[in-house]
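Read the structure below first, then the notes.
For reference, positions follow the sequence shown, starting with 1.
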Amino acid sequence: MLMPPAERERSDPSRWLGDAPMLNLRDDKLRLRVTTVTQFSRTEADKLRSICAYVASIPFNVPAFAASRVTRVTLAHRHAVGWYSKAALFQAMLRAAGLPARVRMIRVGNDMFRGLATTRQVFVLPVVEVWTHGKWVVTDNYVYDPRYLAAAREALERRGWRSGFGIHLEGQDRWNGTDDALIMIAPDPALGSIAQQFPGVYDDPQEFALQLKRMSLLRWITMLARNRIMSIRMNRQVRRLRSEAGS
């Protein structure tokens, strides 16, 4: 069966190499950082893991009231940033390295946020897909820095939870640069691939929000207000989790 022209364009890897509002690919500091981070990489998988490890090393947090930062700000200050800003930086570094990359939005249940905030809402968060070895590979292993990840695992095990603090115990926290690896959720193999479970790909993390705004201004405003309130609660809990780790 022939693929519709629009779908062919979206599946074409070369379609996912250009700049986007959050990415700032023309930033010389971004390109210099990519060159430095990947200078000892011998294979494409090595390069992917090196970029992932660099972005992961930036402390994770959910800044209260803060909007998603463009990559040049994240790169310059290395302040603690959340899911959207980290996805944008990872994606930008991949594209700057000549590797097609795009965002896929995934739905996460309220159990993933246990310990950070109490909510009954289902949220949508970005993960990044990269074209490598002739296929799209998805990961979110760039999100959590090692200290936060260790603290989150420790907190889950102490409470006897399978999911919470932003991670799932059955998720994968080690990426080989070749296969899918998600730590926020444990995808259901019975439902097929990640693409089947979470349809919809975007040029950068903000494109989804802008699409939502065009479709329904009221829904967008509601989402923005809800996320701002959640960010205050999460910011406090992330800092508390870090301070309590190992105690």
Side-chain angles (χ1 to χ4, degrees), residues 2-27 30 62-75 81-96 100-110 112-113 117 119-131 136 138-140 142-143 166 182 184-185 187 191-235:
L2 289 177
M3 188 181 297
E7 290 303 312
R8 284 202 301 270
E9 180 185 354
R10 296 185 77 78
S11 64
D12 180 5
S14 65
R15 156 72 176 79
W16 305 97
L17 280 168
D19 206 352
M22 284 189 74
L23 303 188
N24 310 133
L25 297 187
R26 288 172 290 183
D27 183 7
L30 172 69
V62 185
F65 294 113
S68 300
R69 292 190 173 97
V70 294
T71 58
R72 65 173 177 269
V73 176
T74 304
L75 195 64
V81 289
W83 295 284
Y84 278 73
S85 297
K86 283 222 170 187
L89 178 58
F90 182 53
Q91 185 190 7
M93 293 184 73
L94 292 174
R95 288 192 181 187
R102 63 192 188 187
V103 164
R104 186 174 295 278
M105 304 303 294
I106 64 170
R107 292 178 299 277
V108 294
N110 51 43
M112 194 204 81
F113 292 109
T119 178
R120 295 182 180 180
Q121 301 290 332
V122 174
F123 284 77
V124 180
L125 293 176
V127 294
V128 173
E129 293 182 335
V130 57
W131 181 264
W136 288 106
V138 64
T139 189
D140 61 5
Y142 56 84
V143 175
L182 294 173
M184 290 193 288
I185 62 171
L191 298 178
S193 68
I194 295 295
Q196 289 174 297
Q197 295 181 50
F198 306 104
V201 286
Y202 302 89
D203 242 335
D204 71 7
Q206 281 187 345
E207 189 182 359
F208 171 77
L210 293 175
Q211 183 184 78
L212 184 63
K213 184 178 181 180
R214 288 192 296 268
M215 293 172 59
S216 171
L217 181 60
L218 179 59
R219 188 179 174 192
W220 177 78
I221 292 173
T222 301
M223 182 191 74
L224 189 63
R226 183 185 67 181
N227 289 353
R228 290 294 174 90
I229 293 171
M230 286 283 286
S231 70
I232 300 171
R233 300 171 183 170
M234 289 185 180
N235 179 271

Sorted by chain and number, sequence neighbours left out, ring-ring contact (aromatic ring centres under 6.0 Å, His included) with F123 holds for F113

Nearest heavy-atom contact between L182 and P187 is CD1-CG, 3.9 Å

Smallest heavy-atom separation, Q91 atom then P205 atom, equals OE1-CD, 3.8 Å

Residues S85 and T74: closest non-hydrogen pair is CB-OG1, 4.0 Å

Please evaluate residues D140 and R104 with respect to the criterion salt bridge (charged side-chain N to carboxylate O under 4.0 Å, His left out), reporting the C-alpha separation (whole Å), side-chain torsions for both, the decisive distance (0.1 Å), and the verdict.
CA-CA 10 Å; D140 61 5; R104 186 174 295 278; over 6 Å; no

Nearest heavy-atom approach of G82 to P63 is N-CD, 4.2 Å

dist M112:CE -> R107:CZ (nearest 0.5 Å) comes out at 14.0 Å

d(M184 CE, T139 OG1) to nearest 0.5 Å is 9.5 Å

Of all heavy-atom pairs linking A117 and M234, the shortest is CB-CG, 4.2 Å

Test: R102 cationic atom under 6.0 Å from W136 six-membered ring centre, within 45° of axis:
yes

Q | Close side-chain approach of W83 and V62, heavy atoms under 4.5 Å | A | yes

Heavy-atom nearest pair, A96 first then L25, reads N-CD2, 4.4 Å

*Is the shortest heavy-atom distance from the side chain of V127 to the side chain of F198 under 4.5 Å?*
no

Value for CD (E129) from CG (L94), rounded to nearest 0.5 Å, stands at 11.5 Å

_Within the structure provided, determine whether D203 and R15 are in side-chain contact (heavy-atom separation under 4.5 Å)._
yes

For R214, the side chain to side chain contact (heavy atoms under 4.5 Å, CB included) test, sequence neighbours excluded, returns L210, Q211

Would the distance check show the side chain of Q197 and the main-chain N or O of I106 forming a donor-acceptor pair, the cut-off being under 3.5 Å? no

Residues at least two apart in sequence or cross-chain that pass side-chain hydrogen bond (donor to acceptor under 3.5 Å, both in side chains) with D27, listed by chain then number, are none

With distance as the sole test, does D204 use its side chain to make a donor-acceptor pair with the main-chain N or O of M22 at under 3.5 Å?
yes

Quick one, R95 and W16 - any side-chain contact, counting heavy atoms below 4.5 Å? yes

>> Quick check: do F208 and V124 have side-chain heavy atoms less than 4.5 Å from each other?
In response: yes

